[in-house]
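Beneath this line is the structure, given in structure tokens, with notes to follow.
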Amino acid sequence: EVDFDEDSCATNVCKNGGTCTSTLHGPQCHCPLQFRGRQCEEEALVEVPGFVGHSYLVHALPNRTLDEDEFRVRMSFRTSREEGLLFYAGGGGRQMFAAAYIQSGILTLKISCGNQVILFADPRHRIDTGYLQNLDVRVFVEDSVCRTAIELNETNTMKGEQEVDAAPSIPDRLYIGMVP
């Protein structure tokens, strides 16, 4: 007979934001990305994250608007998946929206500064090859026009514009890999 203590997590608190789960073998800590160890007590350096299943990263962005600054995401990645989310930033109200994802092996982006959604896709270049890809997405407001420039592998450039009544705010979070 196995002794399963329902309150084993109450006495074995995980450190640094770890989440405790009671198992048949005792408490087990599930640590945030930057920590490891039995109780999440050791700091772990992550230089190149990998995403499997339902994993993601969240990056907090400073509170600002597109007329004060630009929204820019530069990332390098490798994938052999035909479908998946690269990044997502957006919300309701007066926030801009940006999503980059892979659909049927093709890089697809949706960008909105408020009134319209612009869809970008380049069907000539598959990105699910397993080779390193470099993506640079830049969104900024100039003369009441929201401008977007997307560069893939420093060669393929896609551009778009949309008129805006007022500059939207930049989202406060950037999700990479998945949205919770």
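Position 1 is the first residue of the sequence, and the numbers go up from there.
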Residues that Asp136 engages under side-chain hydrogen bond (donor to acceptor under 3.5 Å, both in side chains), provided they are two or more places apart: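 So Asp136 forms a side-chain hydrogen bond (donor to acceptor under 3.5 Å, both in side chains) with Arg72.
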
Pairing residues for Asp172 by the side-chain hydrogen bond (donor to acceptor under 3.5 Å, both in side chains) criterion, not counting sequence neighbours: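 By the side-chain hydrogen bond (donor to acceptor under 3.5 Å, both in side chains) rule, Asp172 matches no residue at all.
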
Salt bridge (charged side-chain N to carboxylate O under 4.0 Å, His left out) assessment of Arg81 paired with Asp128: CA-CA 5 Å; Arg81 298 269 186 180; Asp128 61 346; over 6 Å; no

Measuring from [X]:[atom1] to [Y]:[atom2], what's the distance to the nearest 0.5 Å?
| X | Y | atom1 | atom2 | value |
| --- | --- | --- | --- | --- |
| Gln103 | Leu85 | CD | CG | 12.0 Å |
| Gln116 | Ile111 | CD | CD1 | 13.0 Å |
| Ser104 | Glu83 | OG | CD | 5.0 Å |
| Phe77 | Ile102 | CZ | CD1 | 5.5 Å |
| Thr79 | Arg126 | OG1 | CZ | 11.0 Å |
| Leu152 | Asn134 | CG | CG | 8.0 Å |

Shortest non-hydrogen separation from Asn16 to Cys40 and the atoms involved: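 Reported closest heavy-atom pair: ND2-O, 2.7 Å.
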
Salt bridge (Lys or Arg N to Asp or Glu O under 4.0 Å) pairs, two or more places apart, involving residues 31-44: Arg36-Glu42

Joint cluster assignment, [X] & [Y], ILVMFWY side-chain distance < 4.5 Å:
| X | Y | result |
| --- | --- | --- |
| Met75 | Val139 | yes |
| Ile106 | Leu135 | no |
| Val141 | Leu61 | yes |

Non-hydrogen side-chain atoms of Leu107 and Leu86 separated by less than 4.5 Å: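 They are in contact (side-chain heavy atoms under 4.5 Å apart), so the answer is yes.
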
Test item: Met96 and Ser169 side chains (from C-beta on) under 4.5 Å apart, heavy atoms: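 No, every pair of side-chain atoms sits at 4.5 Å or beyond.
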
Parallel, tilted or perpendicular: rings of Tyr88 and Phe97 (30°, 60°):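 Perpendicular.
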
Verdict with supporting geometry, Cys20 and Cys9, disulfide (SG to SG under 2.5 Å): CA-CA 6 Å; Cys20 186; Cys9 283; 2.1 Å; yes

Whether Arg173 side chain and Gly90 backbone form a donor-acceptor pair below 3.5 Å: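 No: the side chain of Arg173 does not pair with the backbone of Gly90.
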
Full working for side chain to side chain contact (heavy atoms under 4.5 Å, CB included) between Leu57 and Leu174: CA-CA 8 Å; Leu57 288 174; Leu174 175 70; over 6 Å; no

Ring centres under 6.0 angstrom apart (Tyr101, Phe87):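 No.
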
Test side chain to side chain contact (heavy atoms under 4.5 Å, CB included) applied to Ile170 and Leu66, step by step: CA-CA 6 Å; Ile170 294 174; Leu66 279 178; 3.8 Å; yes

Arg138 to Phe140 six-membered ring, cation-pi geometry met (6.0 Å, 45°): yes

Asn153-Thr155 side chain donor-acceptor pair, cut-off 3.5 Å: no

More than 12 heavy atoms from other groups under 6.0 Å of OH on Tyr56: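 For Tyr56, atom OH is not crowded (no more than 12 foreign heavy atoms under 6.0 Å).
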
Pair Lys15-Phe35, side chain to side chain contact (heavy atoms under 4.5 Å, CB included): steps then yes or no: CA-CA 9 Å; Lys15 295 176 175 43; Phe35 295 99; over 6 Å; no

Positive for side chain to side chain contact (heavy atoms under 4.5 Å, CB included) with Cys113, one of Glu161, Gln162, Gln95: Gln162

Check against side chain to side chain contact (heavy atoms under 4.5 Å, CB included), Val137 and Leu109: CA-CA 9 Å; Val137 178; Leu109 289 103; 3.6 Å; yes

